Protein chains: 2
Amino acid sequence: MSSTKFHPVSMQDVARAAGVSAQTVSRVANGSGQVKPETRSVVEAAMDKLGYRPNFAARALKRGRFKAIGVVMFDILATGNILTLEGITRAAKEQGYAVTLTMMEDGGESLAAAVDRMKTLPVDGIIVDLEKMVPDVRTYMPPSDLPLTVITSAKADYMNTIDEDQYGCSRMVVEYFLERGHTNVYFVSGPTNSVASEIRKAGWRDTLAAHGIVAPPPILGDWNADSGYAAGLELAKKDDCTAIYAGNDAMANGIMKALEDSGVRVPDDKSIIGVDNSLQSMVAKLALTSVSMDFSAVGHKAFEMTVDAIEGAKNTTPTHTLIPGAIVERSSVADLR
Amino acid sequence: MSSTKFHPVSMQDVARAAGVSAQTVSRVANGSGQVKPETRSVVEAAMDKLGYRPNFAARALKRGRFKAIGVVMFDILATGNILTLEGITRAAKEQGYAVTLTMMEDGGESLAAAVDRMKTLPVDGIIVDLEKMVPDVRTYMPPSDLPLTVITSAKADYMNTIDEDQYGCSRMVVEYFLERGHTNVYFVSGPTNSVASEIRKAGWRDTLAAHGIVAPPPILGDWNADSGYAAGLELAKKDDCTAIYAGNDAMANGIMKALEDSGVRVPDDKSIIGVDNSLQSMVAKLALTSVSMDFSAVGHKAFEMTVDAIEGAKNTTPTHTLIPGAIVERSSVADLR
DNA sequence: ACGCTAACTGTTTGCGATAACATTGTATCG
DNA sequence: CGATACAATGTTATCGCAAACAGTTAGCGT
């Protein structure tokens with residue numbers, strides 16, 4: 001029942017108790033070197049009895065590695081980010097790495113500041129999840145002593161980046177509609193300061209163009225259901241609109257409600273596809289076809305890239321990796337063929 | 001463009017460059033002791049030039065503190081847990097602490113295992129967020145060398161615990177209904193293995209009893225909207241039911257859909273209150289009155305308790321702290337008075 | 001001018017673990 | 001049987017930092 005301030009049991013203590021040298025304790029603790037089985041058990045018994053735990057700091061100091069990576073999130077509450085974090089954490093656990101998390105204030109802190117903060121912490125590599133655009137992504141020069149992976153839709157010149165394939169997601173959606181006989185697709189976007197939304201918009205417009213179709217003006221939303229509702233009221237009046245591509249599921253949900261309130265039937269009169277596949281548990285009898293983005297895979301991959309850089313330490317050229325999404329079919333799209 | 005393996009600049013290097021002793025560099029780095037302003041600037045210049053960063057491991061080894069706390073989450077994806085994590089992380093940041101995150105597998109790992117895992121990591125204290133019941137909560141004896149705070153609805157004998165006030169939340173809801181002239185309240189519960197749900201159920205039943213009302217049989221749900229839908233179909237047929245208390249918003253949303261599909265109007269025919277206040281951005285024209293649980297405050301408080309234990313190191317008796325929720329009024333409750 | 005204090009800076013030491021090297025003991029072989 | 005290899009363990013030095021202590025200088029009162 002002694003209440004010492006913090007971990008009191010060192011290798012020396014164990015060594016003394018077991019009647020061996022500290023080095024032998026070290027060998028037992030790490031399973032390295034040759035130790036007589038008999039000696040090993042004596043040491044292990046002593047460890048158990050004293051409740052020995054290796055001192056992390058001392059180990060890290062000697063080894064120069066922490067077996068930990070830092071994650072910087074700008075908005076931990078945004079849809080998907082938590083899944084990304086989950087992917088990172090799970091991958092980290094598998095490889096025996098710890099994850100250290102910090103949040104950045106929403107108000108335009110720069111990437112440089114984020115990395116600098118992390119650099120003072122016990123980490124061997126850094127993953128930054130950039131929901132929003134920050135000023136210095138493109139030109140940021142990563143530190144030479146600490147591998148960095150950035151999750152962002154923006155392109156960067158000097159770093160490894162990874163992201164959902166936003167552009168490809170739009171292509172999938174548009175072609176899905178066109179294959180089913182729709183002749184045009186309306187798009188309800190997220191806020192224009194969202195890089196992801198802008199890229200999706202480009203993918204949508206380009207794919208339509210590739211099929212010789214002029215994209216109608218996109219309707220501006222803000223990711224929330226209410227903005228979707230407003231967009232839905234507007235779209236309800238357009239008879240030429242049979243296919244709607246909503247920037248996320250929340251807006252799609254709002255659109256569907258507005259259509260219903262306007263007496264427009266889904267999918268009979270208008271079809272709709274959302275993005276995120278996030279409403280399953282929230283909405284009963286969910287009818288919304290949606291693009292499922294694999295955030296968890298992004299996290300997993302981001303971790304792997306970071307660890308590869310830590311352990312390989314090769315000076316490879318910056319890569320930009322894209323993780324594809326997939327359409328989850330429900331019943332909000334009509335086949336007009 | 002030298003690519004050294006890891007941080008190469010030590011205090012010695014700075015000291016050499018600045019023509020002072022390492023100790024003086026240390027004093028500048030920590031703002032401790034007396035240093036001539038002139039010397040200080042020379043040292044700072046040298047730090048800048050060399051890109052010096054204090055070595056975390058060495059510092060921690062010397063000080064015996066990491067300035068970090070560990071967070072163990074059993075289900076990072078559950079509603080509210082992410083908010084709790086956000087609360088912890090924000091509070092930690094304010095006090096200059098880092099947060100190290102690990103997840104536990106869903107399959108009934110014990111509290112002891114969770115804590116043991118964390119103990120090998122660079123942390124000064126531990127917070128465990130226990131969504132589900134684990135076998136050893138009640139009797140678990142926390143380590144004496146590492147402060148532990150557990151977020152759980154279950155009671156524990158030897159640890160500090162903290163939770164949303166689930167019981168009080170039910171009392172609030174029931175009395176809210178009764179005050180408005182309702183004479184009974186139906187309850188749609190979460191799964192019975194959820195401690196939180198069981199406590200809410202008790203609060204609901206007890207409060208009704210305190211008003212001399214016999215609680216109707218609770219309807220079993222599973223937190224998902226579809227189970228709410230099923231419950232809603234059932235409740236739609238009960239004429240004596242004017243007030244529904246749904247275990248969470250997702251189920252409430254399902255219930256409302258079922259009532260609508262059954263031609264029952266909300267709030268004219270039946271009133272409903274949910275818990276979590278989580279659907280604002282998902283559902284357009286949200287009508288659902290809901291109990292807002294302050295998960296973020298729970299996280300914040302959990303962090304504070306942990307840090308107090310770290311820094312105070314007093315052997316206080318275990319506490320159980322409850323954070324109250326609040327009813328967010330929308331338009332799903334009729335006033336019958 | 002003397003002693004004394006305060007301001008500033010340097011030296012020594014050790015936090016706990018482990019790589020590298022040194023030492024001892026034991027088995028094996030020609 | 002002496003040489004040799006190798007298994008088993010101990011000793012030393014070191015990672016980077018900072019507490020404790022030890023100097024050195026300047027300023028001040030008498």
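Residue numbering restarts at 1 for every chain, and letters A, B, ... go by the order of the sequence lines. What you are looking at is a predicted structure, and each value in this text was computed from that prediction instead of being measured. Values below: all heavy atoms of this structure, side chains included; hydrogens, waters and symmetry mates excluded.
As a whole-Å value, the separation of A:Arg65 CZ from D:dG16 C1' is 18 Å. Here C:dG14 presents its C1' atom at 12 Å from CD of A:Gln12, a figure rounded to the nearest Å. Remark: C1' of D:dG16 and OH of B:Tyr52 are 7 Å apart, rounded to the nearest angstrom. Rounded to whole Å, atom C1' of C:dC15 lies 16 Å from atom CZ of A:Phe56. Note: CE (A:Met11) to C1' (C:dG14) measures 17 Å, nearest angstrom. Straight-line distance from the CZ atom of A:Arg59 to the P atom of D:dG16: 19 Å, rounded to whole Å. One atom, CZ of B:Phe66, and another, C1' of C:dG16, lie 11 Å apart when rounded to the nearest Å.
For C:dG16, the OP1/OP2 oxygens have no side-chain nitrogen or oxygen of A:Ser10 closer than 4.0 Å. For C:dT18, the OP1/OP2 oxygens have a side-chain nitrogen or oxygen of A:Arg63 closer than 4.0 Å.
In summary, the side chains of B:Asn160 and B:Thr319 do present a donor paired with an acceptor at a separation below 3.5 Å, with no hydrogens or angles considered.
For B:Ala68, the side-chain contact (heavy atoms from CB on, under 4.5 Å) partners at least two apart in sequence or on another chain are B:Phe66, B:Ala98.
A salt bridge does not link A:Arg90 to A:Glu94: none of the charged side-chain nitrogens sits closer than 4.0 Å to a carboxylate oxygen. A salt bridge does not link A:Lys67 with A:Asp124: none of the charged nitrogens is closer than 4.0 Å to a carboxylate oxygen.
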(message) Can you build the contact string for nucleotides 7-15 of chain D? Use B for base contact, S for sugar-phosphate-only contact, and - for no protein heavy atom under 4.0 Å.
(response) SSBBB--BB
(request) Kindly indicate, with the supporting measurements, whether the criterion side chain to side chain contact (heavy atoms under 4.5 Å, CB included) is fulfilled by A:Thr102 and A:Met118. (result) CA-CA 8 Å; A:Thr102 25; A:Met118 258 302 166; 2.8 Å; yes
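What you find for A:Ile323 and A:Ala297 is that their closest heavy atoms are CG2-CB, 4.0 Å.
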